[in-house]
Amino acid sequence: MREQYLQEMGITRWVRREPDSVVVGNVVPEPAEETTEVELTVVQTPDSHMVNELDWPELQQQVSDCVACDLHASRSQTVFGAGYQQADWMIIGEAPGNEEEQQGEPFMGQSGQLLTAMIEAMGLKREQVYITNILKCRPPENRDPVKDEILACHAFLRRQIELLQPKIILLLGRVAAQSVLDTDALMKDIHGKVFKYKETEIPVVATYHPAYLLRAPGEKRKAWQDLQIAMNIVSGEAT
Ligand code: URA
């Protein structure tokens, strides 16, 4: 079964990687995508003390009602997150696109199909993990999220992490990695390393975004190595 999913990921042979053989370098970085300068006024930042008290349904309602940044004006609906709310695995992407906004669920399009293959290659089902994004609203024209939008949404993501208490957080792509890890470092220097989420002990591993892997299938092997590092953490074989 796993072989089949690995084949979908373009990986035909699986060589187990030892934890101390993490090599960073010789990696084709995710190209910095073109960004559009956008004038943005933050109307209101969600009160993080208040958000910290919310349970799952209240938090989801708060996200639906959010007008903290300009993205609320163009959205048709918010995309809160989906999956098992007691999952060991929390997977965080960048922001919903058109299909995700239409369906109200993260990772529904082509990159969602690859993400499902990646999850299944790890021996899991999509329903066994929890998937969300840094932003809960779709940026117009699929542009990159801007800083103020990420800031405005952060209290929601933090509360999702608190409620879930995952055994591992897997970050997909540069935007998720840089904002959750609060760094400007490039993917080539971040992926496959083990971090902790803020002041918690929750391990965090970043890997390449499935949309990037679709454009650069030669990088799938590196992504698979990152996933193995995360799998070893969850299984207790690495810390
Ligand atoms: N890309 C993301 O980062 N998130 C989605 O939900 C879909 C595509």
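One-based numbering, in listed order, for ligands and for the atoms of each. Residues: numbered from 1 along the sequence shown. Only a predicted model underlies this, so the values are computations on that prediction, with no experimental measurement involved.
Protein heavy atom in closest approach to atom 4 (N) of ligand 1: Asn133 OD1, 2.8 Å.
Within ligand 1, counting atoms from 1 as listed, the ones closer than 4.0 Å to a heavy atom of Gly93 are 3 (O). Listed by atom number, the atoms of ligand 1 under 4.0 Å from Pro106 heavy atoms are 6 (O).
Taking any N or O of Glu100, backbone or side chain, none lies under 3.5 Å from an N or O belonging to ligand 1. When only interatomic distances are considered, the shortest N/O to N/O separation between Ser111 and ligand 1 does not fall below 3.5 Å. In terms of polar-atom proximity, defined here as any N/O pair under 3.5 Å, Phe107 does make such a contact with ligand 1. At a 3.5 angstrom cut-off on N or O pairs, Ala95 counts as close to ligand 1.
The hydrophobic cluster containing Ile91 does not contain Met108, counting ILVMFWY residues as joined when their side-chain heavy atoms lie under 4.5 angstrom apart, directly or transitively. Under the 4.5 Å side-chain heavy-atom criterion for grouping Ile, Leu, Val, Met, Phe, Trp and Tyr, Leu135 is not connected to Val79 through any hydrophobic cluster.
Between the side chains of Asn232 and Gln228, not a single donor N or O lies within less than 3.5 Å of an accepting N or O. For Gln160 and Lys136, the side-chain atoms include at least one donor-acceptor pair closer than 3.5 Å.
Salt-bridge formation is not detected for the pair Asp226/Lys193: no Lys NZ or Arg NE/NH1/NH2 atom is positioned less than 4.0 Å from an Asp or Glu carboxylate oxygen.
Residue His209 places a heavy atom less than 4.0 Å from ligand 1.
Applying the side chain to side chain donor-acceptor pair (under 3.5 Å) test to residues at least two apart or on different chains, the pairs with a partner in residues 74-87 are Tyr84-Gln86.
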